[in-house]
Amino acid sequence: MTTDILSPSETPLVLDEPTADLLFREARTVNTFSDDEITDAQLAAVYDLVRWGPTAMNTSPMRVLVVRTPEGRARLAAHMADGNRAKAERAPLSLVVATDVDFHEHMGRLAPHMAAVAEGLAGAPEARAAMARDNAFLQTGYLIVGLRAAGLHAGPMGGFDAAALDADLLAGTSWRSVLVINVGQAPAEHDDIPTPATYPRQTRLDFTEVARTV
């Protein structure tokens with residue numbers, strides 16, 4: 001069973017239709033990008049928006065390694081799965097989204113009312129790592145939508161050797177990689193590109209297929 005698509009005049013959404021299209025309906029995972037530069041100012045503006053998304057106890061464990069130099073891109077590509085290596089090499093910018101397993105050290109500032117919890121987490125590395133990973137993935141969703149809000153395109157990839165990447169690009173930190181996101185502008189249709197920038201839009205499950213009411 002499927003539900004009918006609501007017309008713009010019927011939708012209960014508060015945001016306008018062009019914004020809904022930009023963030024979700026028309027946004028696509030992009031595999032090939034133009035050569036346009038993505039600036040630190042753009043990334044900072046995105047983070048300044050998405051950092052307000054909720055996390056458990058405001059722990060905010062997501063960390064981001066910005067990979068833009070030729071050397072950095074080559075090191076990153078070496079850890080990507082075969083199907084993702086060329087995508088990382090072509091992207092003008094890649095973000096290694098990581099989680100800080102020592103996020104509890106910042107809770108005195110981010111959640112001062114949770115001092116006792118922070119002390120407990122200090123002695124529970126496994127629970128802390130699981131909590132860090134769950135909330136970093138939550139923040140990654142905000143990050144992808146934030147990149148779209150800035151008019152950028154994102155190509156998230158999960159196929160990579162996380163242990164090797166951490167030992168190389170994140171060595172000496174308490175960061176652990178969870179996802180790699182290629183970021184850039186989609187190429188013009190006439191650009192000579194080795195693979196399609198996007199693939200045909202696939203369907204999604206209907207609300208009645210994914211939701212239950214009790």
Side-chain angles (χ1 to χ4, degrees), residues 14-15 19 22-24 27 37-69 71-73 75-76 79 88 91-158 160-184:
V14 176
L15 74 169
T19 303
L22 174 70
L23 299 182
F24 294 101
E37 180 186 5
I38 308 303
T39 67
D40 287 342
Q42 287 174 291
L43 297 179
V46 169
Y47 179 73
D48 194 50
L49 175 66
V50 304
R51 64 178 174 152
W52 300 110
T55 56
M57 296 181 287
N58 198 33
T59 48
S60 306
M62 184 185 74
R63 306 290 184 263
V64 181
L65 176 69
V66 180
V67 182
R68 66 164 76 249
T69 67
E71 177 189 6
R73 290 166 61 184
R75 290 169 63 187
L76 174 62
H79 304 304
L93 181 84
S94 295
L95 305 178
V96 176
V97 182
T99 188
D100 187 353
V101 296
D102 288 343
F103 67 87
H104 64 293
E105 295 179 353
H106 300 276
M107 289 182 67
R109 172 187 172 196
L110 300 176
H113 59 295
M114 292 288 183
V117 176
E119 292 176 5
L121 288 170
E126 292 184 2
R128 197 171 71 237
M131 186 176 177
R133 187 173 178 84
D134 288 347
N135 283 278
F137 268 120
L138 181 62
Q139 289 186 279
T140 300
Y142 306 146
L143 177 60
I144 292 172
V145 175
L147 290 167
R148 292 172 173 179
L152 301 173
H153 293 271
M157 303 184 296
F160 59 93
D161 186 335
L165 188 156
D166 294 353
D168 180 6
L169 293 167
L170 303 181
T173 75
S174 55
W175 299 10
R176 303 293 180 267
S177 57
V178 297
L179 202 69
V180 174
I181 304 177
N182 293 328
V183 180

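Worth knowing before you read on, the calculation uses all heavy atoms, side chains too, and leaves out hydrogens, waters and symmetry mates.
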Checklist entry - Is there side-chain contact between V97 and F137, with at least one heavy-atom pair below 4.5 Å? => result no
Item to check | L143, T55, T99 screened by side-chain contact (heavy atoms from CB on, under 4.5 Å) with M62, the one that passes | outcome: L143
Checklist entry - What distance separates L95 CG from M157 CE, expressed to the nearest 0.5 Å? => result 10.5 Å
Would you tabulate the side-chain donor-acceptor contacts of residues 103-122 under 3.5 Å, counting partners in other chains and residues two or more places apart, or write 'none'?
| residue | atom | partner | partner atom | Å |
| --- | --- | --- | --- | --- |
| H104 | ND1 | R128 | NE | 3.3 |

Checklist entry - Is V64 close to L43 at the side-chain level, that is, under 4.5 Å between some pair of heavy atoms? => result no
Checklist outcome for this item: For W175 and L65, the nearest pair of non-hydrogen atoms, with its separation, is CZ3-N, 4.2 Å
Item to check | Heavy-atom pair of closest approach, residues T39 and Q42 | outcome: N-OE1, 2.8 Å
Checklist entry - Out of D168, D166, D161, which residue meets the side-chain hydrogen bond (donor to acceptor under 3.5 Å, both in side chains) rule with H79? => result D168
Checklist outcome for this item: L76 and S94 have their tightest heavy-atom pair at CD2-CB, 3.5 Å
Checklist outcome for this item: For S177 and V96, the nearest pair of non-hydrogen atoms, with its separation, is CB-CG1, 3.9 Å
Item to check | V50 versus G146, closest heavy-atom pair with distance | outcome: CG1-CA, 3.7 Å
Checklist entry - Checking R68 side chain against I38 main chain: does a donor-acceptor pair fall under 3.5 Å? => result yes
Checklist entry - Considering all heavy atoms of both residues, which atom of I181 and which atom of A154 are nearest to each other, and what is their separation? => result CG2-CB, 3.7 Å
Checklist entry - Measuring from R51:CZ to N58:CG, what's the distance to the nearest 0.5 Å? => result 10.5 Å
Only distances under 3.5 Å count here; give the side-chain donor-acceptor pairs of residues 129-136 to other protein atoms, sequence neighbours excluded, each with its distance to 0.1 Å.
| residue | atom | partner | partner atom | Å |
| --- | --- | --- | --- | --- |
| N135 | OD1 | A56 | N | 2.8 |
| N135 | ND2 | M131 | O | 2.9 |

Item to check | Rounded distance (nearest 0.5 Å) linking atom CG of N182 with atom NE2 of H153 | outcome: 13.5 Å
Checklist entry - Do any pairs count as a side-chain hydrogen bond (donor to acceptor under 3.5 Å, both in side chains) and have a residue in residues 136-152, sequence neighbours left out, and if so which ones? => result none
